[in-house]
Every structure is written in structure tokens, then in C-alpha cells.
There are 2 protein chains.
Amino acid sequence: MSNAARRGRVTTRGPAITDVARVAGVSVPTVSRVITGSTPVRAEKRERVLAAIAQLGYRPNGAARALVAGHQKAIAVLTGGTTRYGYASTLQGIEEAARLAGYIVMITVIDSEEPALISSTVDLALAHPVAGVIVLKFDAASVKALHQLPAGLPVVAASGGRSSGVPHAVLDDTAAASQATEYLLSLGHRTVHHVAIPAAGRRSGRVVGWRKALERAGAEVPEVLQSDWDPITGYRLGQQLARRERVTAVLCGNDEIAMGVMRGLHEQGRRVPDDVSVVGFDGHPLAAVATPALTTVEQDFVGLGRRAFDLLAGLVNDQHPPQNSLATPRLVIRESSGPPSVR
Amino acid sequence: MSNAARRGRVTTRGPAITDVARVAGVSVPTVSRVITGSTPVRAEKRERVLAAIAQLGYRPNGAARALVAGHQKAIAVLTGGTTRYGYASTLQGIEEAARLAGYIVMITVIDSEEPALISSTVDLALAHPVAGVIVLKFDAASVKALHQLPAGLPVVAASGGRSSGVPHAVLDDTAAASQATEYLLSLGHRTVHHVAIPAAGRRSGRVVGWRKALERAGAEVPEVLQSDWDPITGYRLGQQLARRERVTAVLCGNDEIAMGVMRGLHEQGRRVPDDVSVVGFDGHPLAAVATPALTTVEQDFVGLGRRAFDLLAGLVNDQHPPQNSLATPRLVIRESSGPPSVR
DNA sequence: CAGCGCGCTTGAAAACGTTATCATCCTGAC
DNA sequence: GTCAGGATGATAACGTTTTCAAGCGCGCTG
């Protein structure tokens, strides 16, 4: 009230703690003590304060609190996107864990690899008071963003790759890709082709694991087919693969692409799994109801997000860098994979 | 430096504007003027200030800025989830628009319908300084959250339903469902069954539009099959539908459920579209590569998010409530729908 | 029974880091 | 020499928590 009257702004600045104190007939710190519960307040006064708060519809000003506290109960998430299954699920895990710990999540998408744009986007995110940052290091842009973060700020990365200086929550993509490749080889396929999604670094864990498994088995290592994130691209690559007679098994960088590949093979008359086996990556909910149902490597993205937040919380509270955290994905065998047809 | 030395806290409080002023040999307001560009500063001093900023790695404190400004360049998004296609895409649109306007997005998931939990979640979100709130009103929990928001706070809703007091960005679900239903009837189907997703209010626009179209055509209105968000549930309902001989056309509440339904029908030996036509909703990227490719009602969720933010920005800046915004979805015909088989 | 000290409440004042306001100083033009 | 106007610094907000000191009641001790 006093504020609104004083300034000409139409943006009503809501009641402040001083207004509550005046209405309740107590001092400002007493109101603060009632709200935070930091110090006992005599019951009678507490009631008066609570009544005044309710009457005025008072809400503590977060900015003022953050200013004195030195940090906000908020974290920033830098990510390459929000829509793809992996991103969205990891985000879900982070948000859940954060909310339970009383933190709010600010999300900023890095949608360009141009340094200047990355820089201004990072600045935008850090212009707000945050306790720490989680970087979803699934693509190249996020990696660059990670390097632009100022020292002294608590930072955690979450990804499928190897560590890189900051505390890391990891899904072991390399082991997972090896496992899937070995499974296909064990079915009798002479080799396994790979359709790769955009990678975070020079080489993605998925590509590395696939290649290693082939080399260990002494199998030929075919050239990688590079895809983007769009299932339609997977579809086109599937059509290409269909034209190559010798292709009998394909490991795809994610389930969305795998479903596109299956469609491309299907349209060119190659049956899955009779002619070609297809294995995806991620455990997308739709993989289970695809036709044929997609064999995939299930990843616990939600758990990844949760672990990333726990790491960050540890960093913020205990100061000492926590243990990195690693989880190994699980192969789920469905209909899209089987032994090669005898010819 | 001075701060870190003064307090025992390990959390280094980074350099403040006073440190920059001291190093640069100018007053604090001058530093502020250099940063904000609000007032010209003599070139020589400006250089010194910029040098000091770079040297110290100074970053303006967002909390202090928000405190004096009276509000933060941030908005809160209340949503029922982040992973489903509609939610994630709308979020993407909001984030993009917000980022371009220099706003950051705080996201809070309402994952329970229990009033007490909703209340504490809303409180968590509003404990931080935000310029306004966008509610993704796709489900019942978000609607309840919307009603808990304090008056005086700029609020915008985004949904597929009808308005409800606050400015609204809308996708016309009702018209879209009618269009899809009319399309199926025009193919010669005697009626159209509906598998519904969880609704925001008592009746969802999708159900209403479907029913209206049937009634207008004088067709029988079958009982609605209620689904949750999991494609597996769609799969089970598809199996159920397969057992009913008279079912020849199914409109599903979203594409994920539709893909589950197709799978369920397929497993029970009913061919899509020869025996049963299936139409989805949303325009999920995977609908295009499903087998058969799914006919669907494409929704511009990203645009919805963008419009919701624009509405909120207008509300925050111009004070006067902006026009609501409505977009009509578009039917995309693919392989999963066709005329009923003659018997 | 008086005096002392302790613990519980409470309020005054300082601090957090920034921007806005106002007065002052300097420079240059008439 | 005076006046206008641009650049600059001192000071006051913004709303909260923290620190410090003081008031008060009570039990213990001499």
C-alpha cells in the first residue's frame, strides 16, 4: 500500500514485510522470525503476524531474500533441447529432485553452436541468482556452453559420455552400445551397421562402444551413417540401407531414428526382423508399441537427472566435490531383432 | 574479495560492483552506468571500468537488480509434465520466445491433484521473483493450480480448451476433433469410437468436438474409452476394441495412445486401415514413420507456447489484458485411415 | 529475602548489491 | 562573464535476514 502510493508505477509491488509488521503491531524482524521459524516467537504475536499475512496476502520477496542469503534456491539447466525423449526425461528427473529439495529449475536452451550466441545465452541464464548449474551434455552446443561457465560456480554435467573436469552423472553409453552390438553378433550377424545421432564430442560413447564390440569380435566395421534428430532422416537412411544387400543388422543412435529406419526398410520391401534386425537406443515408450516392437537399450534418464541434481546439491552444500555417478543401461529384446535369414 | 574476507562463508560471494568501482577508480553509480548504458560515460573511464570488470570476472547480481527493479526478467511455467509431446513442445515454444525477449523460464511440475501438495508447489514457484506465470492447462492438476494463483500476478493459460477468466492461448481442440470425426464419417464409417486422454476439465474439447460431429451427422455416439498417458494403455484398449466387430474407426486423444491402439488392433488380427481406421491427435514426429503411418490432427504446440508468452509479455508491459489467441489444428491424412471394408 | 545470572523474546540497526535521484562540478559557447 | 548541458559522485531507496543489545521473568544462591 505505502509502496504503491509512493511510486507512480502501475505494477503494484505487493505488500512488504514492513506492511505486515505495521498491521500486526510488531517489529519487522519478528515478522521475519515467524515466517522463517528461525527463532521462537510468543504465540500471541505469532497469531497476530499470521493474521496480518493472510489479510494482506503477503508473500516474501524472493529477490530480497536471495540478496541477503547470497544465493537463490534455484538451479539453472543448460540443454540442447526439451522435446526429444532423452532431454525431456532427464529434465523431468532434475525437476522432481529439485522440487523435493525446495529448489526451482530455470531452463535455458542452447540452440546454436555459434560462440557469440552461446555466450549471450549463458549470460542470460547466469544473470539470475542461481545456486548452481546442470549442463545436459548430450550435444556439441552444450559442451561449448559448459566451457563458458565462470569458475567458482557449482557445475555438474549429465551425459552419456566420459567425464570432463566437472562432476558428472553418466549413463554408460559405451558399455550399452557394446552390449547391443554383441547381442546382434551373437545372433549370427556378420557385422552391425550404425546410424548415429548428433554427438556431444568428437566421438560419441555409442559409436565407440559399437566399434569396439565389432573390433573385439573381429567383424568388419562399416562406415557410420550420420543422422540428425528427425525421425524422417532415419527413414531416408533406412531406405538407403535397404538397397544394400549385405546389411542384416542396424544399431541406431536412438529409438526415434530407429523407428524411422524401420519404416524406410519396410517401404523398400525389407522385412524387420526377417531380412534386417534393428536395435534402438533409449527405451522410448513408443518403442514397445511399434510394429514390430523395437528392441532397444533402455536408459534411465529420469534417474540420470535425479543423480545430476543430487551431485549438484552435494556440491552446493558440502563444498567438497562428490563422487561421480555412473549407471549402465539395460538391453530390452523385442521383435525387431533376430537371427539373419539363411540364404 | 572484500566480501569473502569479511565473512567466514566458504561460498565465495564473487566480486561486487563496489570492488569494480574501487579497482577502476570510479564511483559505484558510474560502473552501473557503464553496465546498463543508461547514461553516457566518458570513454576513458568506461575503458577502465570494462577492464576492471574483465579482470575481476565481475557479474551483476541478479537478486540485487531484481530487488530494485521490482521484478525479475523471469517467468514461471506451471505444467503437468515435461515429457509428453504436447507439453514438451509447448515448453519449447515458451522458452524460445522468452529467451528472445530476454526472459528466463522457471519450470515447475504439478504432479499431484492433492490440494495441499498443489499449494506447496505453487508456493515454491512463487517464492522466486517472477514477472508472470504461464499455466499449461492440459490436465486437471494444472487447472487447480491456476485457481491458487494470487490476484495481481500476471497470468496466462495455454490449453486446448475454452477460456476461464485469465488471458488464454488456445488450440481449438473442439473444431479439430470435429474435423477428424467428420473426415472418418465421410469415408463411410457408420460411427467413430473415441479413446480419450486425461482431461483438463469436466469435459475435454476433443471429446466435445467428437461427440458434436457425431450428433450433427446423426450417428450413434459410442461410449468413450478412457485412457491414461501411457501408450501401453492404448495398446490394451486397442485389444479391447479389436474384439468388437462393429468398430471400424477410432479417434484417439493423442498420437502416443493411437500408436498403442494400432498395436493392440494389429496383435488381435485386425488390420489398419483395412478393418479399422485409426486417427491420432497432435502431429507427433513418430506418427509419420509408424507402420502404418498415422493419420493425425497436427497441432502447433510450439506456436501455442510462443503465443502464450507473447500474451504474458503484453500483460506485463502494457498492463491492459491482450486479446486471446486461437489457432485451429490441421488434419494430416496418412495410411492409418480409409473407407470401411465392405462386408 | 535480596541479589545475581541466565535464557527467552524482542526491537534497533546494519548488511546484502544494485539502480534512481539529486546536486555538483566542469567544459564550452555566446 | 554567464549560462547551458554533459559527466559524475553522494545518498537514498528496494525488502529481507542477521547481528547485537536490551528487557524481562525466573530460579538459584548466599
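Naming: A, B, ... by sequence-line order, numbering from 1 per chain.
- Between the C1' atom of C:dA15 and the CG atom of B:L67 lies a distance of 12 Å, rounded to the nearest Å.
- Distance B:R48 CZ to D:dG9 C1': 14 Å, rounded to the nearest Å.
- Put simply, the side chain of B:D19 gets close to the backbone of B:A16: a donor and an acceptor are under 3.5 Å apart.
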Here DNA chain D, pairs taken as Watson-Crick or G-U under 3.5 Å and shown with ( ), [ ] when crossing and | when to another strand, reads ||||||||||||||||||||||||||||||

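- With distances taken from any side-chain atom of A:P40 to the nucleotides D:dA7, C:dT18, C:dT9, the minimum falls on C:dT9.
- As rounded to whole Å, 8 Å separates atom P of D:dG15 from atom CG of A:D19.
- Interatomic distance, CD1 of A:I134 versus CZ of A:R307, reported as 12.0 Å (0.5 Å rounding).
- Considering only the side chain of A:K45, C:dG11 comes nearest among C:dG11, C:dT18, D:dT8.
- Side-chain atoms of B:R42 lie closest to D:dA7 of the nucleotides C:dT18, D:dT17, D:dA7.
- Put simply, CZ on A:R65 is 8 Å from P on D:dT16, counting in whole angstrom units.
- Checking C:dT18, D:dT17, D:dG15 against the side-chain heavy atoms of A:A16 singles out D:dG15 as nearest.
- Listed for the B:T90 side chain is no donor-acceptor partner under 3.5 Å among the backbone atoms of B:V302.
- Atom C1' of nucleotide C:dG17 and atom NE2 of A:H71 are separated by 16 Å, given to the nearest angstrom.
- Backbone-only engagement by B:T30 is indicated by non-hydrogen atom pairs under 4.0 Å involving sugar-phosphate atoms exclusively.
- When rounded to the nearest whole Å, the span between CZ of B:R59 and C1' of C:dT18 equals 16 Å.
- Between the side chain of A:R33 and the base of C:dG11, a donor-acceptor pair under 3.5 Å is found.
- No side-chain donor-acceptor contact under 3.5 Å links B:S89 to the backbone of B:G86.
- As judged by a 4.0 angstrom heavy-atom cut-off over every strand, A:T36 is placed among residues touching the sugar-phosphate backbone only.
- When rounded to the nearest whole Å, the span between NE2 of A:H128 and C1' of C:dG17 equals 16 Å.
- Between the side chain of A:R59 and the backbone N or O of B:L126, no donor-acceptor pair lies under 3.5 Å.
- When heavy atoms are screened at a 4.0 angstrom cut-off, A:V28 is found touching base atoms of the nucleic acid.
- Closest contact between the side chain of A:P29 and the listed nucleotides D:dT11, D:dT16, C:dA12 involves C:dA12.
- In summary, the side chains of B:S142 and B:D139 do present a donor paired with an acceptor at a separation below 3.5 Å, with no hydrogens or angles considered.
- Comparing C:dT19, D:dT8, D:dT16 by their nearest atom to the side chain of B:I17 picks out C:dT19.
- Nucleotide C:dG17 holds its P atom 14 Å from the CG atom of B:L56, rounded to whole Å.
- There is no side-chain donor-acceptor pair under 3.5 Å between B:H128 and B:Q72.
- How far CD1 of A:I53 is from OH of A:Y58: 7.0 Å, rounded to the nearest 0.5 Å.
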